[in-house]
Amino acid sequence: MLDMKFIRENMELVAESMKNRGLKSTALDDFEELDEKRRDILYNVEQLRHRRNVASDKIGELKRAGEDVTPMINEMKDVSDRIKEYEEKLKEVEEELEKILLGIPNIPHESVPVGETEDDNTVVRKWGKPREFDFEFKPHWEIGEELDILDFERGAKVTGTRFTFLKGAGARLERGLINFMLDLHTKEHGYSEIFPPFMANSASMTGTGQLPKFAKDMFKIENNDYYLIPTAEVPVTNLYQEEILEAEQLPIYHTAYSACFRAEAGAHGRDSRGIIRQHQFNKVEMVKFVHPEESFNELEKITNDAEEVLQKLGLPYQVVTLCTGDLTFSSAKTYDLEVWLPAYDTYREISSCSNFEAFQARRAGIRYRPEPDAGTEYVHTLNGSGLAIGRTLAAILENYQNEDGSVTVPEVLRPYMGIDKIT
RNA sequence: GGAAGGAUGGGUGAGUCCGGCUGAAACCGCUCGACUCGAAAUCGAGUAGAUACCUAACCGUGUCUCGAGGGUUCGAAUCCCUCUCCUUCCGCCA
């Protein structure tokens with residue numbers, strides 16, 4: 001959510017940023033009108049309330065002195081009625097305004113390229129060279145099925161499409177990857193580990209920006225105000241919801257493993273084979289709470305932290321800056337890490353690192369006190385996947401496959417796996 | 001699932017029966033100042049958030065907020081209703 005005052009004072013900028021994202025900015029006209037209306041009503045109602053407060057004090061005083069206050073009370077009845085009328089109008093306007101506000105996306109940072117689709121994303125850097133195969137290589141789902149470590153059919157039988165069983169060395173690889181990533185981030189990158197709930201309520205979902213706009217992308221629990229989390233970002237960012245942090249607590253770095261649940265509405269037919277797009281997948285997430293001046297430095301750092309996972313695993317990747325049209329709703333700037341997948345003959349997203357600036361903090365009420373006696377300010381929040389486990393596993397199967405159908409275990413995972421080859 | 005108790009500022013906690021003089025005592029913490037070579041101790045002062053208006057800004061003024069929402073009332077932390085969460089006991093359960 002953007003600051004109302006900021007929108008009021010920067011109408012053109014907000015309108016332009018929405019245009020760059022490929023959105024209509026008609027909501028802004030409504031905003032302007034409602035905002036003015038709200039402040040007008042507010043002025044009137046506050047005047048009346050002031051009158052009422054003064055009179056109420058007076059009535060109390062007179063009553064204690066034993067005087068007759070009936071005429072005054074009768075007069076104030078009328079004032080109270082008028083206040084009630086104004087309050088109802090105010091509530092209407094504020095609800096309308098809130099709706100508009102929650103629908104306005106974050107403003108892309110000036111360094112974000114203007115563009116419409118993912119084709120307009122710019123490649124920042126590449127690491128590693130895609131492997132040249134001297135044999136017929138296979139996609140990960142074939143490798144996985146032949147090694148009997150991925151079971152798609154039974155996943156579909158037991159639950160449904162886009163659910164998969166990992167078995168034997170596959171299950172161990174999944175678990176090894178989780179542990180490897182958590183160990184790396186906690187021991188070498190200074191993150192403290194969180195194990196969050198896998199469900200969160202609608203206030204939290206609104207805090208990080210999933211609600212109200214993206215309800216259909218999530219799984220909702222029946223008879224409860226709970227949603228299955230689409231990412232650990234939700235519970236971890238909301239850890240400090242409605243809290244005021246002390247300046248010296250910042251920056252806070254958290255890393256968390258969680259299962260992630262996504263309805264994948266509108267993705268019918270896309271990536272239907274393999275484990276690239278599942279309704280449930282595992283992910284190790286990194287979340288940061290930082291001083292506003294530091295957030296863009298921190299974005300570079302969090303991206304590097306995610307990159308190091310790929311480097312240690314020896315997986316070729318590229319870093320792209322998402323253009324304005326591809327940028328997610330809450331983000332001011334996002335780097336995607338894309339890993340090389342031979343069977344797809346392209347780089348595919350495996351991590352997304354974003355700076356949300358104060359956008360989430362404002363929604364979630366996460367503030368800090370810059371100086372001991374100063375007023376509060378919103379922190380900046382960031383997050384990055386470090387990494388999506390399923391896609392990492394797919395990348396390992398494809399990039400480390402051997403001609404005989406076996407898969408070599410990357411060096412750094414051997415302590416976690418206890419074997420150096422999956423056969 | 002059953003029974004009881006509770007939710008007040010950064011923390012502890014009074015106020016709630018008997019509505020107005022309480023945006024909130026007291027203590028702790030924190031900040032600043034005094035004292036000190038420095039520190040501790042002591043003493044003094046300050047110390048909630050949001051928002052509207054004013055201002056270049058500081059300041060100032062008003063309004064709202066005592067778990068959330070609604071009601072009664074001229075007036076609600078205080079009375080009534082609904083909901084949420086927490087604690088304890090019983091039952092059940094990994």
Side-chain angles (χ1 to χ4, degrees), chain A residues 1-10 31-98 100-102 195-207 211 220-227 235 238-250 252 259 289 358 361-379:
Chain A
M1 188 162 61
L2 296 174
D3 180 29
M4 264 208 271
K5 222 184 293 174
F6 178 86
I7 300 177
R8 197 181 299 148
E9 285 160 11
N10 299 277
F31 171 84
E32 201 164 25
E33 197 192 314
L34 285 166
D35 178 48
E36 237 166 81
K37 209 164 154 191
R38 171 178 170 265
R39 283 183 293 158
D40 187 50
I41 298 171
L42 206 54
Y43 177 79
N44 285 310
V45 77
E46 285 185 359
Q47 291 276 312
L48 285 173
R49 286 206 279 228
H50 178 55
R51 225 181 114 189
R52 182 182 66 187
N53 288 343
V54 171
S56 291
D57 277 354
K58 189 85 186 174
I59 290 171
E61 216 174 287
L62 293 175
K63 236 182 158 177
R64 252 171 284 133
E67 294 185 35
D68 177 30
V69 288
T70 325
M72 215 168 167
I73 286 178
N74 285 334
E75 193 195 330
M76 292 320 290
K77 271 185 183 158
D78 179 53
V79 172
S80 261
D81 286 345
R82 281 165 64 200
I83 290 175
K84 222 163 255 177
E85 274 171 46
Y86 272 120
E87 281 177 342
E88 269 166 42
K89 261 195 276 178
L90 185 65
K91 202 174 152 191
E92 261 171 57
V93 171
E94 288 192 328
E95 274 170 12
E96 199 72 16
L97 211 47
E98 173 92 350
I100 292 174
L101 233 39
L102 286 174
F195 200 113
F198 291 178
M199 296 185 207
N201 60 29
S202 56
S204 298
M205 289 298 175
T206 306
L211 289 178
K220 169 94 169 71
I221 305 297
E222 234 180 306
N223 303 326
N224 261 309
D225 183 35
Y226 302 157
Y227 294 81
N238 280 291
L239 252 186
Y240 304 108
Q241 186 193 98
E242 301 297 336
E243 290 189 27
I244 298 169
L245 305 167
E246 293 304 324
E248 62 268 21
Q249 285 180 263
L250 302 180
I252 296 172
F289 305 83
R362 194 172 290 115
R363 285 173 165 240
I366 309 169
R367 290 168 293 180
Y368 80 108
R369 205 179 294 283
E371 303 286 335
D373 273 327
T376 59
E377 278 178 38
Y378 289 107
V379 302

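Below, chain A is the first sequence line, B the second, and so on; all start at residue 1.
If you measure from atom NZ of A/Lys37 to atom P of B/rA52, you get 18 Å, rounded to the nearest angstrom. Summarising the geometry, the separation between CD on A/Glu246 and C1' on B/rG10 is reported as 7 Å, rounded to the nearest angstrom. Between A/Met1 atom CE and B/rA50 atom C1' there is a gap of 12 Å when expressed in whole angstrom units. The CG atom of A/Asp225 sits 13 Å away from the C1' atom of B/rC85 (whole-angstrom rounding). Here the C1' atom of nucleotide B/rG75 and the CD atom of A/Glu75 are 14 Å apart, to the nearest Å. Atoms OH (A/Tyr368) and P (B/rG10) sit 18 Å apart, rounded to a whole Å. What separates OH of A/Tyr43 from C1' of B/rU51 is a distance of 16 Å, to the nearest Å. Nucleotide B/rG49 holds its P atom 18 Å from the CD1 atom of A/Ile366, rounded to whole Å.
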Can you give each donor-acceptor pair under 3.5 Å made by side-chain atoms of residues 75-94 of chain A, sequence neighbours left out, with the distance rounded to 0.1 Å?
unit_1  : atom_1 : unit_2  : atom_2 : d
A/Glu75 : OE2    : A/Arg51 : NH2    : 3.2
A/Glu87 : OE2    : A/Arg49 : NH1    : 2.7
A/Glu94 : OE2    : A/Arg38 : NE     : 2.9

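A heavy atom lying under 4.0 Å from RNA chain B marks the following residues of residues 55-68 of chain A, by number: A/Ser56, A/Ile59, A/Gly60, A/Lys63, A/Arg64. Non-hydrogen atoms lying under 4.0 Å from RNA chain B are contributed by nothing in residues 197-204 of chain A.
Among the duplex regions that RNA chain B forms, those built from at least three successive Watson-Crick or G-U pairs under 3.5 Å are B:1-7 with B:84-90, B:10-12 with B:26-28, B:29-34 with B:42-47, B:48-53 with B:60-65, B:67-71 with B:79-83, ordered by first number.
At a threshold of 4.0 angstrom between heavy atoms, the contacts of A/Arg8 are confined to the sugar-phosphate backbone, with no base atom among them.
Taking all atoms of both residues into account, the shortest heavy-atom contact from A/Asn238 to A/Ala364 is OD1-CB, 3.8 Å. Closest non-hydrogen pair, A/Pro235 versus A/Pro197, comes out as CG-O, 3.7 Å. A/Ile366 approaches A/Tyr240 most closely through the heavy-atom pair CG1-O, 3.5 Å.
Rounded to whole Å, the separation between the P atoms of B/rA77 and B/rU84 comes to 24 Å. Spacing between B/rA25 and B/rA14 at atom P, rounded to whole Å, works out to 14 Å. Only the P atoms considered, B/rC58 is 14 Å distant from B/rC53, to the nearest whole Å. Rounded to the nearest Å, the gap between the C1' atom of B/rG62 and that of B/rC54 is 11 Å. One P atom belongs to B/rG46, the other to B/rU61, and the distance between them is 16 Å to the nearest Å. Look at the P atom in both B/rG2 and B/rC66: the space between them is 30 Å, to the nearest Å. With both ends at atom P, the span from B/rG9 to B/rG19 equals 24 Å, rounded to whole Å. Using atom P as the reference point in both B/rC21 and B/rG75, the two lie 15 Å apart (nearest Å).
Looking at residues two or more places apart in sequence or on another chain, you find no side-chain hydrogen bond (donor to acceptor under 3.5 Å, both in side chains) involving A/Glu46. Considering only residues two or more places apart in sequence or on other chains, A/Glu9 meets the side-chain contact (heavy atoms from CB on, under 4.5 Å) condition with A/Lys5. A/Ser56 pairs by the side-chain contact (heavy atoms from CB on, under 4.5 Å) definition with A/Arg52, not counting sequence neighbours. Not counting sequence neighbours, the partners of A/Arg367 by the side-chain contact (heavy atoms from CB on, under 4.5 Å) test are A/Ile244, A/Thr376, A/Tyr378. Partners of A/Tyr43 by ring pair (Phe, Tyr, Trp, His ring centres under 6.0 Å), not counting sequence neighbours: none found. Judged as a side-chain contact (heavy atoms from CB on, under 4.5 Å), and not counting sequence neighbours, the contacts of A/Ala247 are A/His291, A/Tyr368.
At distances below 3.5 Å, not a single donor-acceptor pair connects side-chain atoms of A/Asp35 with backbone N or O atoms of A/Phe31.
If you take CD1 on A/Ile100 and CE on A/Met4, they are separated by 11.0 Å, rounding to the nearest 0.5 Å.
Summary of the strand contacts: A/Ile73 and A/Arg367 both lie near RNA chain B, and taking for each the nucleotide with the nearest heavy atom, the more 5' one is attributed to A/Arg367. If you find the closest nucleotide of RNA chain B to A/Lys84 and to A/Ile244, the one lying nearer the 5' end belongs to A/Ile244.
The shortest distance between the side-chain N/O atoms of A/Arg38 and the OP1/OP2 oxygens of B/rC53 is not below 4.0 Å. Taking side-chain N and O atoms only, A/Ser80 has a distance below 4.0 Å to OP1 or OP2 of B/rG75.
Under the salt bridge (Lys or Arg N to Asp or Glu O under 4.0 Å) criterion, no residue pair touches residues 57-66 of chain A, with sequence neighbours excluded.
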Discussion item. At under 4.0 Å between heavy atoms, how does the protein contact nucleotides 61-68 of chain B? Give one character per nucleotide, 5' to 3', with B, S or -.
Written reply: -BSS----
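Here B/rG49 is the nucleotide among B/rG49, B/rC53, B/rG70 with the atom lying nearest to any side-chain atom of A/Arg369.
Residues A/Arg39 and A/Arg8 meet the side-chain proximity criterion, which asks for heavy atoms closer than 4.5 Å. In this structure the side chain of A/Met199 never reaches within 4.5 angstrom of the side chain of A/Asn224, judged on heavy atoms.
No more than 12 heavy atoms of other residues, nucleotides or ligands lie within 6.0 Å of OH in A/Tyr226, so this atom counts as exposed by the packing criterion.
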